[in-house]
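Here is the structure we will look at.
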There are 4 protein chains.
Amino acid sequence: MKQRIIGPEAMPKLGMAPIRRRQLIDAAIMAIHDHGLADTTVSKIAARAGVSAGIVHHYFRDKDDLLFETMRFLLEDLRRTAVERLGQARTPVERVHAIIDSCLADEQFAPEVMAAWLALYGQAKHSPRLLRILSIYARRLRSDLANALKPVIGPERVKAAAEGTVAMIDGLWLQYALHGGPDDPEFPRRLTRAYVDSQIALGRA
Amino acid sequence: MKQRIIGPEAMPKLGMAPIRRRQLIDAAIMAIHDHGLADTTVSKIAARAGVSAGIVHHYFRDKDDLLFETMRFLLEDLRRTAVERLGQARTPVERVHAIIDSCLADEQFAPEVMAAWLALYGQAKHSPRLLRILSIYARRLRSDLANALKPVIGPERVKAAAEGTVAMIDGLWLQYALHGGPDDPEFPRRLTRAYVDSQIALGRA
Amino acid sequence: MKQRIIGPEAMPKLGMAPIRRRQLIDAAIMAIHDHGLADTTVSKIAARAGVSAGIVHHYFRDKDDLLFETMRFLLEDLRRTAVERLGQARTPVERVHAIIDSCLADEQFAPEVMAAWLALYGQAKHSPRLLRILSIYARRLRSDLANALKPVIGPERVKAAAEGTVAMIDGLWLQYALHGGPDDPEFPRRLTRAYVDSQIALGRA
Amino acid sequence: MKQRIIGPEAMPKLGMAPIRRRQLIDAAIMAIHDHGLADTTVSKIAARAGVSAGIVHHYFRDKDDLLFETMRFLLEDLRRTAVERLGQARTPVERVHAIIDSCLADEQFAPEVMAAWLALYGQAKHSPRLLRILSIYARRLRSDLANALKPVIGPERVKAAAEGTVAMIDGLWLQYALHGGPDDPEFPRRLTRAYVDSQIALGRA
DNA sequence: AATGAATGAGCCTTCATTCAT
DNA sequence: TATGAATGAAGGCTCATTCAT
C-alpha cells in the first residue's frame, strides 16, 4: 500500500494518467484511514501521494469523483479476487468457500482497507452513485452464493442460508473493522465455513 | 421541517437544559440521516431543532461534543432496552433471545437510527472517546451473551457461539442499514435465533 | 482591588446602582489585566464581579460605556490624589513634588492599574470620548506643573521643563508597566525630582 | 484605499511569499491605525492589502502570527536604524545621540507606526512571544546606551543616567503617540540631548 | 434587581476549486 | 504535466445584546 509505483526522479510525460490515478486512490485510502472520511481533504490526499493539491483536478473531476473512484476500486478489487478464486473452485462447497475466503481474505483486514470500507458504508446512503455500485456488488455476492449453494441445499432454504452466510461474513468483518483485525485471520473463515456446513447439513436432511 | 417539538404556548425559561439537549440530539440524528455525517453542520442541526445555531454552544461544548452525546444516546438507548428485556427473561434461552430481540428491535431499523449508527461506526476509529464507549458496549454485549449461553453450551464452545451470534446480529443489521430496513422485521430475529438454536444443539451433543 | 464591597448574602434592593457600577468597574480593570483589552468580554467582567452577564446592561448602556467609565475612573482617581497632595503642599517645589508623587504613587504601579492604563492609551486614538477625557487630564497635568514651576524657573524655560518632567514621569511609568513594577517605588520619584531640581538650577541661573 | 503596492502589470506567481508577507504586515499596521488593535480583523487587513481574506493564511499561520510578525517588523526596523547610526558615530557623545535620534526619528512619529507601537505595548503583557522580543529590544537599548555613556560618566551614575534617558525618550514619544506628532520633530531630540548633556556634566564633576 | 435563555452578527479559519505560469 | 497562488464560500464558534420570567 505504501510502496511508490515509480520513483519521483523519472517522470515520463506520457501515460501518467493511470499511474497517477492509482497513486491518488491509494493516497485517498490512506488519508481516510489516517483522518477519517470527514477530515479527509484534497490537500491531505495530495500530500500523501507526494503531489500538489491542484493536480488532483487534472485526474479527477472533483473530490467526490476521486472518492467515488476510490470506493469503486475497493469493490472491484474484491470482485476480482472473488472471480479468480471461483474460477479455481471445482465443487459446490469449494465455490462457497472461495466466496467466504475472498470476502474474508487477509487483505480485507488491512487497517487502511477496513477504514475505507467503513467510510464507504457510512457514505453510501447519501451518494446515489455509491449506493448503486455497492448494491450491484451486494447483489452479485448473493447471487454467487445462492448459485453455489443451490446444488447442495434445497431451493426453499437457499435464500435464508445465503442471507445468513452474508450476515456472518459482514458481521465478523465488522467486528474486526471496529475493534482491530483478528489475531488469526483463519478464525473468521473457519467460523463462517462451519456455519455454511451446518446449513448444508440441515438443508440436505 | 421546522415544527417545534413542544408547543409554543409553554416555553419555560428555566430548566431548559435537558429538554434542549434532547431536542438537539434528536435533531443531530435526523441531520445525519438527511445529509450524512460529513455534511452535518451545526446550522443544519439547529435548523432541524428549530433553534438558532448559536444556542447549540450553550448546551454542548462544541460540535464534537454534541455528536459524541448523540452517539452515547444511541448506545445507552440500546443498552437500556437490553437490560429491560433481560430482566424479564426467565430461562437461559429466553435471555439469549432477549439480547437478539433488543439488538434487532424494530426501533433499530428506523432509517435515522441506522444512519447514525453507521456514522458512529465510521467515525469511531478516529475518535478515542467514541471508540471507548463503543468498545464498552461491545464488551457488555459479548459478556451478556456468553453468560446466557454458558448454562446451555459447553464452556469450550461458548466463545465461538457468542462471536458467531454477535456477527449474525451485526451482519444482518448491516444489510438493512445499507439496503433498507427489512420487510418483515421478525425475519432477522428468527434467523439469528435459528443460528443460536443450532449452536446449542451442537454444543449440547 | 479584590475585596468585595458587600457580601453576596445581603443584597439590599435599593441604592445598588453606585455599588454595582463600582463593582463592575473594578471587575473590568481586573479582566483587562487578566486577558488584555482585546480579550475582555462582558461575560468575563461579569464573572469577575460575581454577577450574570445580562445585568451589566442594567448599569451601563453597553460594553463601550462600561469600558469608558472604567477609564474615567482611573483618570479621576489619579486626579483626586493629585488635588489632595497639591492642597497640602506649601512651597513651589513641594507642589512639583506633589505632582510627581501622585503620578508615580505606589498605587499607579499595581499590575491591574498599569494594564488598564496601557489599554487606555492603546484605545484612546479610536474613541473620541476616551481621547477627550485623556486630553483634559493631560492638559491639567501640564497646567499644574507649569504653574508650580513658574515661580522658580524663568518663563521662557518653563514649558520645556514641564514637558521634560511629564516625559520623565510617563517614560519611567511606561518601563514599569511593560517590564514589571519597580523594586523600590521611591526610585522613579527620586529620579524625576532630580531632573526637576536640575532644571530649576539651570532655570534660575 | 485599495491601491496596489506593486503594479498590476507584473504579478509574478512565484516567490510571492516575501512580497505578500511584507504587504500584509504593512496592511496590518495601517489597519491597527485605522481601527485599533481590538477592531483589527483579518478581513480588514486583507482588504487594506488588496487581497482576499483567505490568502492571509497562506503566508501566516494565523492572525496572531501575522500580528506578531508585524510587531517584530517594527522592532527590527527600529533596531536596524539604530545599528546603522551607531556605526557612523565616532565619539561617545555621538553614539548617545545616534541612539536618541533613531528612537525619536521622524519615521517613529508616523501615525500608523505610533498606533502600532501603542498596540504592541498594550498587548505585550498578554503574549509571551511579544513580551519576549520587546524585552530583548529594551535590554539592547539600555545596553547600547550604557556602553555609550560609560566613557563620559562615572560608573556609579551610568545606570541612572541610562534609565533617565530611556524614560525621557519613551515619555516624549508617548506624548506624541497620544496627542499627535510633534510640530518640530527636532524638539524632542533636542530636549533629550539636553538631558543627557546635563547628566554628563553632572557625572564628570 | 437579576438571571439564563436566545438570537444574530461577525470573526477566524479551512477548503475545494481555478488559473497563470 | 505540475505547481503554488488566489479566491470565495462555508463552517464552527464567540459574543454583545435583548427579553421573558
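Atom CD1 of B:I29 and atom OG1 of B:T40 lie 11.5 Å apart (nearest 0.5 Å). A:L67 CG to A:I25 CD1: the interatomic distance, rounded to the nearest 0.5 Å, is 10.0 Å.
Interface residues of residues 62-70 of chain B facing DNA chain F, ordered by number: B:D62, B:K63; criterion, heavy-atom separation under 4.0 Å.
Distance, C:F60 CZ to F:dA16 C1': 16 Å, rounded to whole Å. Between C:D39 atom CG and F:dC13 atom P the separation is 18 Å, expressed in whole Å. Taking atom CG of residue D:L24 and atom P of nucleotide F:dA5, one finds them 13 Å apart after rounding to whole Å. Look at CZ on C:R61: it is 14 Å from C1' on F:dA16, rounded to the nearest Å. Atom pair B:L37:CG and F:dG11:P shows a separation of 14 Å (rounding to whole Å applied). With rounding to whole Å, B:Q23 atom CD is found 13 Å from E:dA5 atom P. The interatomic distance linking B:H58 (NE2) with E:dT3 (P) rounds to 14 Å, in whole Å.
C:R21 pairs by the side-chain hydrogen bond (donor to acceptor under 3.5 Å, both in side chains) definition with nothing, not counting sequence neighbours. Residues passing the salt bridge (charged side-chain N to carboxylate O under 4.0 Å, His left out) test with C:D34 are C:R48, sequence neighbours excluded. The side chain to side chain contact (heavy atoms under 4.5 Å, CB included) check on B:S52 picks up B:I55, with sequence neighbours excluded.
Positionally, the nearest nucleotide of DNA chain E for A:K44 lies more toward the 5' end than for the other of A:K44 and A:G54.
C:Y59 comes within contact range of the sugar-phosphate backbone alone, with a heavy-atom separation under 4.0 Å but no base atom that close. Heavy atoms of A:V51 sit under 4.0 angstrom from primed sugar atoms or phosphate atoms, though from no base atom.
For D:I55, whose side chain is taken as the heavy atoms from C-beta onward, the closest listed nucleotide among F:dA6, E:dT7, F:dT3 is F:dA6. The A:R20 side chain lies nearest to F:dA2 when the options are F:dA2, E:dT3, F:dA5. Which of E:dC15, F:dG12, F:dT17 sits closest to the side chain of C:H57 comes down to F:dT17. For A:S52, counting side-chain heavy atoms from C-beta on, the closest listed nucleotide (F:dG12, F:dT3, F:dA5) is F:dT3. Each of E:dA6, F:dA2, E:dA16 was ranked by its minimum atom distance to the side chain of A:V42; first place goes to E:dA16.
Identified under the salt bridge (Lys or Arg N to Asp or Glu O under 4.0 Å) test for residues 37-46 of chain D, with sequence neighbours left out: none. Applying the side-chain hydrogen bond (donor to acceptor under 3.5 Å, both in side chains) test to residues at least two apart or on different chains, none of the pairs has a partner in residues 54-63 of chain A.
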Legend entry - Secondary structure of DNA chain E in dot-bracket form (Watson-Crick or G-U wobble, distances below 3.5 Å, | marking inter-strand pairs): .||||||||||||||||||||
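The heavy-atom pair separating C:L74 from C:W117 by the smallest distance is O-CZ2, 3.8 Å.
Proximity of B:V51 to B:L24: side-chain heavy atoms (C-beta onward) are separated by under 4.5 Å at one or more points.
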Could you list the donor-acceptor pairs under 3.5 angstrom formed between side-chain atoms of residues 124-134 of chain B and any protein atom two or more places apart in sequence or on another chain?
residue, atom, partner, partner atom, Å
B:K125, NZ, A:A177, O, 2.9
B:H126, NE2, A:I32, O, 3.3
B:H126, NE2, A:H33, O, 3.0
B:H126, NE2, A:G36, N, 3.3
B:S127, OG, B:L130, N, 3.2

